Amino acid sequence: MPGRTRVCGVNKVNNDIELSIVCPFYNEQDNVAEFFKRLFPVLESLSCTYEIVCIDDGSTDETLKSLLEVKQTEPVLKIISLSRNFGKESALSAGLDFSVGNRIIPIDADLQDPPEVIPELVEEANKGFDVVLAKRIDRDSDTVSKRFSAGLFYKFHNMISRTKLPENCGDFRLINRSVANAIASLPENQRFMKGVFTWVGFKVSSIDYTREKRSGGVGKFGAWKLWNLALDGITSFSTAPLRVWSYIGLLIAGLTFTYGSIILIKTLIYGVDVPGYASLLLSILFLGGIQLISIGILGEYIGRVYLEVKSRPKYIVASEN
Ligand code: UDP
Ligand code: MG
């Protein structure tokens with residue numbers, strides 16, 4: 001699809017698109033107009049060819065209709081409509097697959113990632129970086145509990161995984177074509193994009209920005225969804241939760257041996273000591289709990305292996321406009 005160049009206000013049609021903006025939309029009807037009102041002036045100021053890839057992630061409101069209306073006057077829009085709600089990670093994958101620009105910037109539709117930061121990302125990339133992260137310098141727009149749980153997640157994830165996620169960075173960043181191609185070549189279907197972006201490597205820099213409040217509508221990530229996203233992240237990039245059970249088992253076996261030896265010696269010296277109900281019950285319950293946790297963690301990984309081997313596509317496209 002041809003891109004549009006505006007150099008010093010002159011429109012040109014060019015097949016070589018320099019910048020792709022990738023934006024997932026899920027029930028964002030309240031934000032569509034405002035989003036483009038702020039995005040277009042920024043892109044125009046960049047004097048480069050660009051396209052805007054909008055992924056309608058199975059919205060049930062008027063999001064798709066609003067996007068199609070914008071496209072009538074702005075042909076640079078590519079609207080990919082998914083057959084149902086596949087989740088932000090899949091919507092982003094679709095956006096990367098359909099974008100053709102030399103540089104790609106995923107951005108949220110709710111204006112929490114201010115479009116005005118885009119020129120700074122481009123400027124930093126011009127210094128020779130393949131990836132430029134947009135780092136949130138303050139998360140005042142997030143609730144205290146979200147900030148706390150996010151902090152905890154990053155600390156825990158980075159402690160047990162070799163893929164170190166940059167703290168306070170979302171999906172808002174600039175990546176160049178080599179990075180996007182590397183991501184596209186990964187065969188996995190269950191993608192935790194923040195991890196995947198980091199895992200592929202390349203030359204990374206970052207700039208700071210202030211995360212704004214949601215412009216309209218409601219956030220789609222409640223506590224349960226965030227918890228599951230955190231589990232996806234941890235199980236996608238670390239096998240430490242699987243391996244830790246061997247060590248816990250060894251430790252418990254060691255303690256049991258020591259305690260058993262003490263009881264044996266005491267029995268040999270002092271004879272049979274009948275009371276022991278409490279310690280017996282406690283050790284059975286404790287070990288039962290430990291075993292259930294370890295089986296649950298095994299289950300988490302097996303569930304993900306199961307989803308991967310089914311090799312279902314990451315998303316299904318219902319229509320392209
Ligand atoms: N989103 C999506 N599919 C979903 C949930 C969210 O495409 O299932 C989009 C949403 O429309 C928005 C972006 O992902 O553009 C971020 O969502 P949200 O603002 O709810 O997340 P938060 O800012 O709370 O992390
Ligand atoms: Mg948001």
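Each ligand, and each atom within it, is numbered from 1 in the order the structure gives. All heavy atoms count here, side chains included; hydrogens, waters and symmetry mates do not. These figures come from a predicted structure and were not determined experimentally.
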If you have a sec, work out which protein heavy atom is nearest [atom] and how many Å separate them, to one decimal?
{"atom": "atom 22 (P) of ligand 1", "result": "K146 NZ, 3.8 Å"}
{"atom": "atom 17 (O) of ligand 1", "result": "F221 CE1, 3.9 Å"}
{"atom": "atom 3 (N) of ligand 1", "result": "D57 OD2, 2.6 Å"}
{"atom": "atom 6 (C) of ligand 1", "result": "K220 CG, 3.6 Å"}
{"atom": "atom 18 (P) of ligand 1", "result": "R214 NH2, 3.6 Å"}
{"atom": "atom 23 (O) of ligand 1", "result": "Q112 OE1, 2.7 Å"}
{"atom": "atom 14 (O) of ligand 1", "result": "K88 CD, 3.3 Å"}

Geometric class of the F153/F192 ring pair [parallel <30°, tilted 30-60°, perpendicular >60°]: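 Ring orientation, 0 to 90° scale: perpendicular.
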Nearest candidate to atom 2 (C) of ligand 1, where distance is taken over non-hydrogen atoms, out of F86, F172, Y26: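 The residue whose heavy atom sits nearest atom 2 (C) of ligand 1 is Y26.
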Atom nearest to the Mg ion (ligand 2) - D110, N, O or S atoms considered: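 Sorting the N, O and S atoms of D110 by distance to the Mg ion (ligand 2) puts OD2 first.
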For D232, the option from E89, Q190, R304 that meets side-chain contact (heavy atoms from CB on, under 4.5 Å):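 Per the side-chain contact (heavy atoms from CB on, under 4.5 Å) rule, the option paired with D232 is R304, out of E89, Q190, R304.
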So for atom [atom1], which belongs to [X], do other residues, nucleotides or ligands contribute more than 12 heavy atoms lying within a distance under 6.0 Å?
{"X": "W245", "atom1": "CH2", "answer": "yes"}
{"X": "E116", "atom1": "CD", "answer": "yes"}
{"X": "K37", "atom1": "NZ", "answer": "no"}
{"X": "K65", "atom1": "NZ", "answer": "no"}

Residue-ligand contact E89/ligand 1, heavy atom below 4.0 Å: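 Checking ligand 1 against E89, which is what was asked, there is no heavy-atom contact under 4.0 Å.
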[X] contact mode with ligand 1 (heavy-atom cut-off under 4.0 Å):
{"X": "E28", "answer": "side chain"}
{"X": "N85", "answer": "side chain"}
{"X": "F25", "answer": "backbone"}

Basic-acidic side-chain contact under 4.0 Å: K88, D57: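 No salt bridge links K88 with D57.
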Working for ring-ring contact (aromatic ring centres under 6.0 Å, His included), residues F172 and Y209: CA-CA 10 Å; F172 186 35; Y209 83 105; 5.4 Å; yes
Atoms of ligand 1 close to [X] [distance to a heavy atom under 4.0 angstrom, numbered from 1]:
{"X": "G219", "result": "20 (O)"}
{"X": "A109", "result": "15 (O)"}
{"X": "K225", "result": "8 (O)"}
{"X": "D110", "result": "19 (O), 23 (O)"}
{"X": "R211", "result": "23 (O)"}

Test of ring centre spacing under 6.0 Å for F25 and F35: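 Centroid separation for F25 and F35: below 6.0 Å.
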Close N or O approach (V218, ligand 1; < 3.5 Å):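 Such a contact does not occur with ligand 1.
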P24-ligand 1 polar pair, N/O distance under 3.5 Å: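 Between P24 and ligand 1 (N or O atoms, distance only) the closest approach is under 3.5 Å.
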Sub-4.5 Å side-chain heavy-atom contact between E51 and L77: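 No. Closest side-chain heavy atoms not under 4.5 Å.
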Pair Q112-R214, side-chain donor/acceptor within less than 3.5 Å: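 No - no donor-acceptor pair under 3.5 Å links their side chains.
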Step-by-step side-chain contact (heavy atoms from CB on, under 4.5 Å) determination, N176 to V179: CA-CA 6 Å; N176 73 13; V179 180; 3.4 Å; yes
